[in-house]
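Everything below concerns the one structure shown next.
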Amino acid sequence: MKKEEMTARAWIEIDRKNLSENVRLLQGLLPCGCRLMPAVKANAYGHGAVPVARELNRLGIRELCVASASEGVELRKAGVKGEILVLGYTHPDLFPLLRRYRLSQTVIDASYAELLGSYGKKADVHIKIDTGMRRLGERSENVKRLCELFSCKSSAACKNLNVKGTFTHLCCDESRSPADKAFTYLQARRFYEAVNMLESHGVSCGKKHLLASSGLINYPEIGGDYVRAGIALYGVLSSRNELEGCRLDLRPVLSVKARVAAVKELYAGEGAGYGLTYTADAKRKIAVVSVGYADGIPRSLSNGCGRVLINGKAAPIVGRVCMDQLLADVTEIEDAKSGDIAVLIGKSGESEITAYDLAEASASITNEVLSRLGNRLVRFVV
Ligand SMILES: *Cc1c(COP(=O)(O)O)cnc(C)c1O
C-alpha cells in the first residue's frame with residue numbers, strides 16, 4: 001500500500017527508534033545472561049504483531065511470546081524467526097499447528113502434559129507453574145505430578161515433550177509495597193522450589209522465567225533466563241501511577257492519527273451527534289474526525305471526556321463518539337480544515353496525548369486501550 005493510501009482515513013504509526021530505544025533500556029536492566037522474550041500477543045498490544053516482531057528480529061531478539069497458537073501462526077507466515085512461545089491454552093484440534101509452525105506450547109498443568117504428550121508427535125514446551133495467581137500452571141504444591149510424568153521414561157509426556165523452559169507469572173509485582181513484596185517473594189520462592197524439585201527428579205527445566213514488565217522494573221533481583229516484557233517495550237506502563245515509581249525514560253512507540261473529514265459551523269442552541277448530548281452554547285466550529293469506537297477509541301471519551309490534537313492544539317471531543325467517527329470542537333483552532341490530521345494518541349506540535357490519558361478517561365489501563373485498537377487502522381513503521 002502506498003503512503004497516501006495508508007494515511008487516507010485513520011492509522012497507527014510505529015516509531016522504530018523508540019521501540020529500539022525501549023529494547024535497549026530494558027536490556028540494560030536484565031540480570032547477566034538473561035534475555036528479553038518480548039510479548040507480542042494481542043497484535044503486539046495493538047501495535048501490529050508482524051511489523052513489531054520483524055523489527056524485534058532485526059534488533060537481534062531471538063525469543064517471542066504470544067497468547068494463542070493462531071497468533072504464532074500469523075508471525076511464522078510473515079517470516080518471523082526464533083522461538084515463539086504460546087502462553088495460553090491450545091485446543092487439541094490445533095496441536096498440528098504447533099509442529100507445522102514450530103511453536104512452543106505452554107504446559108498449563110499436568111493433565112495437559114498428558115494430553116499433549118499423547119498426541120503422539122514431538123512438541124517443544126515450557127512448563128508453567130502456578131505460584132499464586134491461580135490462572136494457568138500446575139499448582140506449585142502439586143509439582144510432584146509433573147515430576148512423575150516428566151521423569152517416567154514410558155510416559156507419553158516424557159517421550160514426546162521437549163522441555164525448553166519452565167515459568168511462572170507474578171500477580172502483585174506492580175509495586176514494592178510490603179504486602180506486594182511479600183507475595184512476590186513468596187511466588188519466586190515457590191517457583192524456584194518447584195524447579196529444584198523437578199531437577200532433583202532428573203527433569204531438565206530448560207530456561208527459567210518469572211518476570212514481565214513490572215517484575216523487571218520492580219524486582220530485577222528475582223532473575224531468570226528470560227524476561228517476558230510486554231507493555232514496557234511499547235514505552236508505557238499500565239498506569240501513570242506505576243510510571244511515577246520508575247526512573248526509566250521509556251518512549252511511547254505508537255501514535256494514532258485520523259483525517260478530519262469536514263469542519264462545519266454549529267449555531268447557538270443546536271445539538272450534535274447521537275442523542276444530541278451536546279448543545280452549542282454559542283456559534284461553534286466542529287471537526288468531523290474519521291475514527292470511532294470500532295477503531296478502539298473508547299466511547300467513554302464522549303462529551304468532553306477526551307480530546308484530539310489538530311495543528312498542535314487541543315480540541316475537546318463533543319457529543320458521543322460514534323462507531324466510525326467523532327466530533328471535536330475546533331472553534332479555537334482557526335486554521336482547522338478538511339484533510340487535516342487529528343492526533344488521538346501521540347504528539348502534534350508541542351502538545352501530546354498519551355495512552356495514560358485515554359486509560360484514565362475510560363477507567364482502564366494502557367494495556368487495554370492499546371490492545372483494543374482496531375483492525376481497520378492501518379499500521380506502519382516510521
Ligand atoms: C501478557 C503476559 C506477559 C507480558 O506482560 P507485561 O505486563 O505486558 O509485560 C508476560 N507473561 C505472561 C504470562 C503474560 O500473559
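Start at 1 and go down the list; that is how both ligands and their atoms are numbered. Every heavy atom of this structure was used, including side-chain atoms; hydrogens, water molecules and symmetry mates were not.
When each atom of ligand 1 is checked for a heavy atom of Tyr45 under 4.0 Å away, the hits are 1 (C), 4 (C), 5 (O), 6 (P), 8 (O). Short contacts between ligand 1 and Ala229, defined as distances under 4.0 Å to a heavy atom of the residue, involve ligand atoms 9 (O). Of all the atoms in ligand 1, the ones that sit under 4.0 Å from a non-hydrogen atom of Arg135 are 15 (O). Heavy-atom contacts of Gly230 reach the following atoms of ligand 1: 4 (C), 6 (P), 8 (O), 9 (O) (cutoff under 4.0 Å).
A salt bridge links Asp295 with Arg9: the distance from a Lys NZ or Arg NE/NH1/NH2 to an Asp or Glu carboxylate oxygen falls below 4.0 Å. Ion pair Lys313/Glu332 not flagged as a salt bridge, since none of the NZ, NE, NH1 or NH2 atoms sits closer than 4.0 Å to an Asp/Glu carboxylate oxygen. Taking 4.0 Å as the cut-off between side-chain N and carboxylate O, Glu4 and Lys2 do not count as a salt-bridged pair. Using a 4.0 Å cut-off between a side-chain N of Lys or Arg and a carboxylate O of Asp or Glu, Arg134 and Asp130 qualify as a salt bridge.
The shortest N or O to N or O distance between Asn367 and ligand 1 is not below 3.5 Å.
Side-chain polar atoms of Ser362 and Ser364 form no donor-acceptor pair below 3.5 angstrom.
Remark: Arg99 pairs with no residue by the salt bridge (charged side-chain N to carboxylate O under 4.0 Å, His left out) rule, at least two apart or across chains.
The aromatic rings of Phe167 and His209 sit parallel, their planes meeting at an angle under 30°, below the 60° perpendicular limit.
Closest protein heavy atom to atom 11 (N) of ligand 1: Arg228 NE, 2.9 Å. The single protein non-hydrogen atom nearest to atom 3 (C) of ligand 1 is Lys41 NZ, 3.7 Å, given as residue, atom name and distance. What sits closest to atom 9 (O) of ligand 1 on the protein, heavy atoms only, is Ser213 OG, 2.5 Å. In terms of protein heavy-atom proximity, atom 12 (C) of ligand 1 is closest to His169 CE1, 3.4 Å.
Residue contacts with ligand 1, taken as heavy atom pairs separated by less than 4.0 Å, involve Ile231 via backbone and side-chain atoms alike.
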